[in-house]
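Notes to accompany the following structure.
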Amino acid sequence: MTERTTEGGCMCGAIRYKAFGEPLGSGYCHCKSCRHHTGAPLVAYMVFTAKQVEWIPKAPASYESSPGKFRGFCRNCGTSLTWEGTHKGEKLVELHVGTLDNPEEFSPNEHTHFGERIDWLELKDNLPKFHASIE
Ligand SMILES: [Zn+2]
Ligand SMILES: [Zn+2]
């Protein structure tokens, strides 16, 4: 059996990652912190356990955006790469889909923090919309 491998990295190439196996989930986040971290109106992410993700050659720099929640980025080019935190004792890494080598391989399954979205953002999908994150 071949395990799915998802690869990506930052704009300058200093930081690369591989994620092994299937993600736990995927979605769009509309929270203000994700907007600030990325400069984008929303973020598409895929969730993995930290154990599934290998960083090459090393993990990105991180900023603690709220207690226990970290935002990974490349110190050289500034690409925002991750949200990281702990859920039910498991360390999670959300990879930003925009940094995948093949972002078309995944599609988001839901919206989180939908109540914080920018109201000019028009969405015509039928995905479930949650006002808070799934916790
Ligand atoms: Zn970089
Ligand atoms: Zn968010």
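Both counts, for ligands and for their atoms, begin at 1 and track the order of listing. In what follows, residues are counted from 1 in the order of the sequence shown.
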Q | Any N, O or S atom of Cys34 closer than 2.8 Å to the Zn ion (ligand 2) | A | yes
Q: Apply the side-chain contact (heavy atoms from CB on, under 4.5 Å) test between Cys34 and each candidate in Arg71, Glu94, Glu116; give the one that qualifies.
A: Arg71
Q: Sequence neighbours left out, what passes side-chain hydrogen bond (donor to acceptor under 3.5 Å, both in side chains) with Asn126? Give chain and number order.
A: none
Q) Got a sec: is Cys29 within less than 2.8 Å of the Zn ion (ligand 2) via an N/O/S atom? A) yes
Q: Would you please test Leu24 and Leu92 for side-chain contact (heavy atoms from CB on, under 4.5 Å) and show each step?
A: CA-CA 9 Å; Leu24 303 177; Leu92 300 178; 3.7 Å; yes
Q | Presence of salt bridge, Arg16 and Asp101, under 4.0 angstrom | A | yes
Q: Look at the N, O or S atoms of Cys31, main chain and side chain alike, and state whether any lies under 2.8 Å from the Zn ion (ligand 2).
A: yes
Q | Sphere of radius 2.8 Å around the Zn ion (ligand 1) - protein N, O or S atoms inside | A | Cys10 SG, Cys12 SG, Cys74 SG, Cys77 SG
Q: Pick out which of His131, His111, His113 makes a side chain to side chain donor-acceptor pair (under 3.5 Å) with His30.
A: His111
Q: Indicate whether the side chain of Tyr17 and that of Thr82 have a donor and an acceptor atom separated by less than 3.5 Å.
A: no
(Q) Does Arg4 form a salt bridge (charged side-chain N to carboxylate O under 4.0 Å, His left out) with Glu22? I'd like the steps, not just the answer. (A) CA-CA 7 Å; Arg4 183 178 202 161; Glu22 295 300 318; 3.1 Å; yes
